[in-house]
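Read through the structure below, which is laid out as C-alpha cells, and then see the notes.
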Amino acid sequence: MKQNIPDLSLRFFSLILEIAPAAKNMFSFLKDTDEIPQNNPKLKAHAVKVFKMVSIQLHEKGEVVVADTTLKWLGSVHLQNGVIDPHFEVVKEALLRTVKEAIGEKWSEEMNGAWGEAYDQLATAIKNEMKPES
Ligand code: HEM
Ligand code: ISQ
C-alpha cells in the first residue's frame, strides 16, 4: 500500500468530495476549478500528508504522536478554514473507504477498526485544539 500513497491520496480526496461536494470550496487549491484535477500537486501533497499522519498514528497504540505545536497549528488551520465537527466524520468515511479499496482481499473488520481508531485519536486531538477556550 505504501508505494501507492499518491494515488490513494487522490482517491481519498475524491471520496471526500463525493460524500460532501460542498467541501470543495474549503480548499484553497481547488476554489477556482470545476473538477478534481488529477494532477494538482498541491492537492497531492496535502492529501499525502494527511494520509501519512494517520498511518503513523496507526502504529502507535493510544498515545497521539503528533507534536503539540503541530496539533495547535492544525487546530488553527482547520478552525480558520471553517471545518466543523461533522466534517471529521466525512473525512473518516472517505479514509476508511480508501483503505478498504487499497487493501482489497486482505481487508478485514479488524484492520478497519484499527484505521478508524487511529483516525479518531488524531481527530480528537485536533478538535481539542479547535475549541475556543484552548
Ligand atoms: C489543512 C490534516 C481533518 C479540511 C490540513 C493540513 C493538514 C491536515 C496536515 C495542512 C496542510 C498544510 O497547510 O500544509 C488533517 C488531519 C485531519 C484533518 C490529520 C483529521 C484527523 C480535516 C477535516 C476537514 C479538513 C475533517 C474538513 C473538510 C482542511 C482544509 C485545510 C486543511 C480546508 C486547508 C487547506 C488549504 O490550504 O486550503 N489538514 N486534516 N481537514 N484541512 Fe485537514
Ligand atoms: C486536509 N485535511 C483533511 C483531508 C485532506 C485531504 C486532502 C487534502 C487535504 C486535506
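Basis for what follows: all heavy atoms, side chains included, without hydrogens, waters or symmetry-related copies. Quantities reported herein were computed from a predicted structural model and do not represent experimental measurements.
- To the nearest 0.5 Å, atoms NZ (Lys92) and CG (Leu122) are separated by 12.0 Å.
- Here the closest non-hydrogen pair linking His59 and Ser55 is CD2-O, 2.9 Å.
- Interatomic distance, CD1 of Ile103 versus CD of Glu105, reported as 12.5 Å (0.5 Å rounding).
- Taking all atoms of both residues into account, the shortest heavy-atom contact from Glu60 to Glu63 is CB-O, 3.8 Å.
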(message) If you apply the rule side chain to side chain contact (heavy atoms under 4.5 Å, CB included), what do you find for Phe88 with Asp120, and how did you get there?
(response) CA-CA 9 Å; Phe88 280 89; Asp120 282 343; over 6 Å; no
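- Under the rule for a side chain to side chain contact (heavy atoms under 4.5 Å, CB included), the partners of Thr124 that lie at least two apart in sequence or sit in another chain are Asn128.
- Applying the side chain to side chain donor-acceptor pair (under 3.5 Å) definition to pairs two or more places apart or across chains, none involves residues 75-86.
- Under the 4.5 Å side-chain criterion, counting only non-hydrogen atoms from C-beta, Leu43 is not in contact with Phe27.
- By the 4.5 Å heavy-atom criterion applied to side chains, Asn112 and Val99 are not counted as neighbours.
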Report, one line per pair, each donor and acceptor closer than 3.5 Å where one atom sits in a side chain of residues 6-26; sequence neighbours left out.
unit_1	atom_1	unit_2	atom_2	d
Ser9	OG	Ile5	O	2.6
Arg11	NE	Glu101	OE1	2.7
Arg11	NE	Glu101	OE2	3.4
Arg11	NH2	Glu101	OE2	2.9
Ser14	OG	Leu10	O	2.8
Lys24	NZ	Thr33	O	2.6

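- Between Lys127 atom NZ and Leu79 atom CG the span is 13.5 Å, to the nearest 0.5 Å.
- Note that CG of Asp68 is 14.5 Å distant from CH2 of Trp73, once rounded to the nearest 0.5 Å.
- Annotation: side chain to side chain donor-acceptor pair (under 3.5 Å) contacts of Glu93 (sequence neighbours excluded): none.
- Judged by distance alone, with hydrogens and angles left aside, the side-chain atoms of Tyr119 form no donor-acceptor pair with the main-chain N or O of Ala114 at under 3.5 Å.
- Put simply, CG on Leu74 and CE on Met53 are 5.0 Å apart, with the number rounded to the nearest 0.5 Å.
- In the hydrophobic clustering (ILVMFWY side chains linked at under 4.5 Å, chained through shared members), Ile84 stands by itself.
- The side chain to side chain contact (heavy atoms under 4.5 Å, CB included) test applied to Lys100 returns Trp107, not counting sequence neighbours.
- Contact of the Phe29 side chain with the Lys44 side chain is not registered, since no non-hydrogen atoms from C-beta on lie closer than 4.5 Å.
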